[in-house]
Amino acid sequence: MWGLFSKDPTKDFPYDSVEQVGQLHLANKSVWTLHKGKNRATQEPVSIFQCDAKDGASATQLDVARAAVKRLKTLRHPSVLTFVQSVETEKVVLLATEPVSPLAEHLEQLVDRGPKRDNYLAWGIFQVCRALSFLNNDAKLKHNNIHSASVFVTDAGDWKLAGLESVCPSDAEPPLQILPNCEKYSPPERKDPAKARLASTWAADTWGLGCLIWEVYNGALPAMENLGKLGEIPKSLQPTYKECVGAKSEKRPNPSEIITKLKKSPGFFKNDVIDIVLFLEELQIKEDSDKSRFYSSLAGLLDNCPRNVCQNKILPQLINAFEYGNAGSAILTPVFKIGKDLDSSEFQAKIVPCIVKLFSSNDRNARFKLLSQVEHFVEHLSKNIVNDQVFPKIESGFLDSEPLIREKTVISMIHLSPKLTYSNLDETVVLKHFTRLARDEQGGIRTNTTVCLGKIARYLHPKTRQQVLLACFTRGLKDPFPPSRIAAINAIAATQHFYTVAETGCRVLPVLGASTVDPEKPVRDQALRVIRGFLGKLEKVSED
């Protein structure tokens with residue numbers, strides 16, 4: 001019975017710690033140690049913040065850790081760290097959150113340079129400003145602990161405000177700083193009661209924002225005095241930075257004022273990354289005309305966005321807009337642009353369901369865009385998906401009344417044929433559709449059918465090749481459209497290794513012979529070139 005009351009609550013914490021991270025960047029700046037973790041049942045990743053007496057945490061540190069957890073549970077904001085679960089005992093506090101890494105560690109690993117990096121850092125600072133505006137103006141709270149060790153970054157590149165150990169109501173005195181190494185981030189008025197009385201409720205956090213900006217561009221802050229050296233802080237941000245770390249606390253700007261000011265063109269917060277992400281966040285309230293303009297311009301803007309933001313932030317939002325909005329085929333170009341950098345498993349999980357769903361659509365524009373892009377995604381499609389889900393939707397394109405759709409459907413077979421079964425490729429594509437499309441009213445379609453048949457011949461069953469190739473190409477040699485006749489000559493040349501010596505001499509050369517007197521000189525020239533090639537082959541065989 002007594003065992004029930006002495007049970008360790010941490011045993012029921014459903015998350016396992018995998019490895020500690022961020023030791024270098026959090027040491028002496030946080031009461032927490034940070035660990036990568038995962039859900040024991042689902043294996044979903046989390047971050048585990050741990051404050052443990054075994055690691056040297058004092059009773060005071062455990063108390064502020066508990067207070068931080070209590071505060072985090074009640075705060076919900078896109079730019080505040082997301083609480084998942086926690087457990088507390090006398091000796092340890094465990095906090096599970098969304099998976100994150102310390103900001104300073106993330107910045108060291110950031111590979112992007114130039115405009116991509118500049119845009120991304122502006123987006124990160126914007127998010128911290130947004131979180132502070134929420135705390136100061138909406139929740140009527142002061143954070144009192146802003147620096148690089150109180151900001152964490154998700155895989156999507158979202159900067160999340162944490163480090164809530166010193167949060168207090170906006171009209172209350174801030175708690176004492178229990179970590180000596182963080183004293184350098186405290187605003188100067190903390191030591192001067194007269195000046196502190198003049199300070200606005202957001203003054204301390206705006207000062208902290210200035211410290212954070214300094215560390216983002218210059219690394220760890222050695223001492224308060226270094227704030228006077230601008231270092232690598234961008235010129236467009238310097239005036240605001242100077243206001244943040246100004247000695248007169250009553251003149252420091254409110255975080256919401258900073259956002260408003262820097263979002264005005266050509267302000268520091270006016271760039272492609274911020275514009276894209278904010279538009280996607282507000283997609284539900286945007287007009288359809290605005291959405292159309294946004295989607296049509298998005299692919300070009302992605303060049304200025306870091307890869308992690310594209311893959312883990314923008315792509316999920318686009319797919320969500322496709323699934324639950326009316327984005328339709330408009331998302332295809334940016335989705336494929338992002339998708340080319342995904343590995344195959346991610347592509348199949350995130351993008352293939354969209355492709356399959358769009359192929360099922362009656363939207364001709366969507367069908368045309370998919371067929372035009374097929375070479376960019378076919379490598380990520382399994383043979384089963386191609387044959388069972390994609391091809392049945394594509395097949396109707398061979399019969400479409402719109403010539404452009406018929407033509408794109410034919411050309412798409414060049415990329416799909418390696419994954420098609422004999423049943424789909426030989427019986428359906430070639431014997432059912434290509435033999436008919438070789439007589440299509442559109443010369444361009446007849447030409448492309450011949451070209452395509454020459455390119456996919458190696459994937460056909462030998463019996464189908466024997467039955468179809470020369471018969472189709474011979475018909476093409478008599479086509480009234482000159483490019484179609486040239487295509488037939490080239491296709492015969494491209495498939496020469498499928499003809500026996502006897503076929504070459506008795507069937508191939510006779511049909512090519514008629515083209516040497518074709519009314520069009522380009523046709524005659526090409527026929528003579530190909531015939532010379534075949535004759536050379538026959539001469540070599542004869543000599544051997």
Side-chain angles (χ1 to χ4, degrees), residues 22 24-25 79 100-130 147-148 151-160 209-221 226-227 229-242 244 258-259 261-281 293-318 331 333-343 346 376:
L24 180 65
H25 302 291
S79 297
V100 288
S101 59
L103 174 62
E105 181 174 280
H106 173 75
L107 293 178
E108 283 181 357
Q109 297 167 356
L110 198 61
V111 294
D112 292 302
R113 292 293 180 267
K116 282 188 181 182
R117 186 184 182 90
D118 297 340
N119 290 349
Y120 175 66
L121 296 182
W123 164 236
I125 293 167
F126 172 87
Q127 291 175 92
V128 176
C129 284
R130 189 164 66 168
H147 47 81
S148 61
V151 177
F152 296 84
V153 187
T154 69
D155 288 339
D158 287 332
W159 293 20
K160 300 294 185 101
L209 176 64
C211 296
L212 175 69
I213 290 170
W214 196 96
E215 292 196 311
V216 165
Y217 290 99
N218 299 310
L221 179 69
N226 291 82
L227 292 172
K229 301 172 184 176
L230 295 172
E232 299 299 317
I233 297 172
K235 284 187 178 179
S236 58
L237 185 57
Q238 286 178 10
T240 300
Y241 165 76
K242 289 174 183 176
C244 289
I258 294 172
I259 292 172
K261 180 180 174 183
L262 295 184
K263 275 182 75 177
K264 290 179 181 174
S265 186
F268 183 71
F269 288 157
K270 190 67 181 168
N271 70 50
D272 289 342
V273 174
I274 294 176
D275 289 347
I276 289 170
V277 177
L278 291 184
F279 190 97
L280 287 169
E281 285 182 359
R293 279 193 298 273
F294 172 76
Y295 291 132
S296 62
S297 65
L298 180 55
L301 302 178
L302 293 174
D303 292 330
N304 295 323
C305 301
R307 182 182 291 190
N308 65 322
V309 176
C310 286
Q311 293 183 359
N312 302 320
K313 181 76 176 175
I314 297 173
L315 180 61
Q317 297 264 29
L318 289 174
I331 68 160
T333 303
V335 162
F336 286 140
K337 184 162 187 173
I338 297 171
K340 68 179 170 46
D341 292 324
L342 294 175
D343 63 41
E346 286 181 304
H376 299 301

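Hydrogens, waters and symmetry mates are skipped; everything else that's a heavy atom, side chains included, is used.
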Please give me the minimum heavy-atom distance between [X] and [Y], naming the atom from each residue.
| X | Y | result |
| --- | --- | --- |
| W214 | G219 | CZ3-O, 3.3 Å |
| L302 | P334 | CD1-O, 3.8 Å |
| L107 | R117 | O-NH2, 3.8 Å |
| L110 | R113 | O-NH1, 3.0 Å |
| L262 | S236 | CD2-O, 4.5 Å |
| A122 | F269 | O-CE2, 3.5 Å |

Test item: [X] and [Y] side chains (from C-beta on) under 4.5 Å apart, heavy atoms:
| X | Y | result |
| --- | --- | --- |
| L237 | I125 | yes |
| I258 | C244 | yes |
| V277 | D158 | no |
| L315 | L342 | yes |
| N119 | C305 | no |
| K242 | L230 | yes |

Between V100 and T154, is the side chain to side chain contact (heavy atoms under 4.5 Å, CB included) condition met? List the steps.
CA-CA 5 Å; V100 288; T154 69; 3.9 Å; yes

Holding to side-chain contact (heavy atoms from CB on, under 4.5 Å), I want the full list of residues that pass it with L278, two or more places apart in sequence or in another chain.
W123, F126, R130, K263, I274, E281

Determine, step by step, whether I338 and L318 satisfy the side chain to side chain contact (heavy atoms under 4.5 Å, CB included) criterion, reporting the C-alpha distance in whole Å, the side-chain angles of both residues, the deciding distance to 0.1 Å, and the verdict.
CA-CA 11 Å; I338 297 171; L318 289 174; 4.3 Å; yes

Determine the sole option in E105, E215, H106 for which the side-chain hydrogen bond (donor to acceptor under 3.5 Å, both in side chains) test with S148 is passed.
E215

Do any pairs count as a side-chain hydrogen bond (donor to acceptor under 3.5 Å, both in side chains) and have a residue in residues 301-310, sequence neighbours left out, and if so which ones?
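side-chain hydrogen bond (donor to acceptor under 3.5 Å, both in side chains) check on residues 301-310 returns D272-N304, D303-K337.
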
Between F268 and T240, is a side chain to side chain contact (heavy atoms under 4.5 Å, CB included) present by the stated rule, with each step listed?
CA-CA 10 Å; F268 183 71; T240 300; over 6 Å; no

Can you tell me how far apart [atom1] ([X]) and [atom2] ([Y]) are? Round to the nearest 0.5 Å.
| X | Y | atom1 | atom2 | answer |
| --- | --- | --- | --- | --- |
| Y241 | I233 | OH | CD1 | 4.5 Å |
| L121 | Y217 | CG | OH | 4.5 Å |
| R293 | F279 | CZ | CZ | 8.5 Å |
| D341 | E346 | CG | CD | 10.5 Å |
| L280 | I276 | CG | CD1 | 7.5 Å |
| H25 | S101 | NE2 | OG | 9.5 Å |

Would you find more than 12 non-hydrogen atoms of other residues, nucleotides or ligands less than 6.0 Å from E232 atom CD?
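Counting other residues, nucleotides and ligands, CD of E232 stays at 12 neighbours or fewer.
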
